[in-house]
Amino acid sequence: MTRIAHSKHLWGAAFPERGTFMNRKTKGAIAVGAGAILLLGGMGSYALWSDAEDVAGADITAGAFGLACPNGAWTDVSGDVPVTAVTPGTTLMVPGDIWEYNVTCTVTATGKNMRAQLSVTDLGTDSTLPPTSRVDIETEVDNAAYTNAPIVVSGGQVLPVKVTVAFDPATTGTDFTNGQINVSGMQIMLNQVRPS
């Protein structure tokens with residue numbers, strides 16, 4: 001029976017031991033991975049292609065809105081006496097008198113879909129002390145009876161406003177003597193509304 005000599009030499013010297021071979025293999029893989037990480041690190045954050053275009057145009061700007069009414073004037077327009085200026089709180093009203101308040105208001109209104117309601121507030125027969133049906137109060141806006149309906153307004157538009165207070169000439173006895181009609185809190189308001 002023939003024996004093979006030096007088997008330890010053949011397996012030990014000709015080939016590295018298994019542990020050494022695996023260590024080298026692992027170290028090589030780690031080195032390759034570290035190189036890839038370094039490459040990616042040098043490239044910054046990872047992203048695919050992209051592009052962008054500026055959008056032509058301007059900023060959105062809001063319109064303007066407002067109402068300017070200078071001090072109006074009260075006059076006696078009773079018809080059976082000359083037209084004269086009167087001052088509420090100083091001049092005293094009597095049955096048969098008709099007083100008018102006139103003022104011209106200028107509108108500031110710029111923007112698309114602009115509609116508004118112009119009204120005279122804090123005025124009416126419910127503001128009389130004591131309450132009475134002997135006083136009639138009417139309001140006109142832009143030379144038309146006030147209806148509280150929205151109107152189209154534009155910048156620079158001029159709107160005449162008139163308030164008429166009439167003391168019933170058929171008032172008898174001492175009805176409404178020393179009575180008061182509150183016009184000191186009267187306001188002319190312009191409120192924007194949406195188109196209907």
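For the numbers below, each heavy atom of this structure counts, side chains included, while hydrogens, waters and symmetry mates do not.
Proximity of Asn182 to Gln180: side-chain heavy atoms (C-beta onward) are nowhere separated by under 4.5 Å. Residues Ile137 and Val183 are not in side-chain contact: their nearest non-hydrogen atoms beyond the backbone lie 4.5 Å or more apart. Thr87 has its side chain out of reach of Trp74: every pair of non-hydrogen atoms, C-beta onward, lies at least 4.5 Å apart. Using a 4.5 Å heavy-atom threshold, the side chains of Arg115 and Arg194 count as separate.
The two residues Phe65 and Met114 make their nearest non-hydrogen contact at CD1-SD, 3.8 Å. Between Pro130 and Gly179, the shortest heavy-atom distance links the atoms CD-CA, 4.1 Å.
Without hydrogens or angle criteria, Asp97 side chain to Val94 main chain gives a donor-acceptor distance under 3.5 Å.
Side chains of Thr61 and Asp59: a donor-acceptor N/O pair is absent below 3.5 angstrom, by distance only.
Atom CG of Asp122 sits about 12.0 Å away from atom CD1 of Ile188, to the nearest 0.5 Å. Put simply, OG1 on Thr84 and CH2 on Trp99 are 9.0 Å apart, with the number rounded to the nearest 0.5 Å. A distance of 8.5 Å separates OG1 in Thr132 from CD1 in Ile181, rounded to the nearest 0.5 Å. To the nearest 0.5 angstrom, Cys69 atom SG is 7.0 Å from Leu118 atom CG. Rounding to the nearest 0.5 Å places OG1 of Thr139 at 8.5 Å from CE of Met186.
Applying the side chain to side chain donor-acceptor pair (under 3.5 Å) test to Ser78 and every residue at least two apart in sequence or in another chain returns Asp76.
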Distance-only criterion, 3.5 Å: show the donor-acceptor pairs between side-chain atoms of residues 151-170 and protein atoms not counting sequence neighbours.
{"residue": "Gln157", "atom": "OE1", "partner": "Ser154", "partner atom": "N", "Å": "3.0"}
{"residue": "Asp168", "atom": "OD1", "partner": "Ala170", "partner atom": "N", "Å": "2.9"}
{"residue": "Asp168", "atom": "OD2", "partner": "Arg134", "partner atom": "NH1", "Å": "3.2"}

Atom pairs and distances, donor-acceptor, side-chain atoms in residues 102-111, under 3.5 Å, two or more places apart:
{"residue": "Asn102", "atom": "ND2", "partner": "Glu100", "partner atom": "OE1", "Å": "3.4"}
{"residue": "Thr110", "atom": "OG1", "partner": "Ala64", "partner atom": "N", "Å": "2.8"}

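Note: the hydrophobic cluster containing Ile98 does not contain Phe176 (ILVMFWY, side chain heavy atoms under 4.5 Å, direct or indirect links).
For Asn178, the CG atom sits in a loose shell: 12 or fewer heavy atoms of surrounding residues, nucleotides or ligands are nearer than 6.0 Å.
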Under the side chain to side chain contact (heavy atoms under 4.5 Å, CB included) criterion, do Thr91 and Met93 qualify, and how do the steps go?
CA-CA 7 Å; Thr91 309; Met93 199 177 203; over 6 Å; no
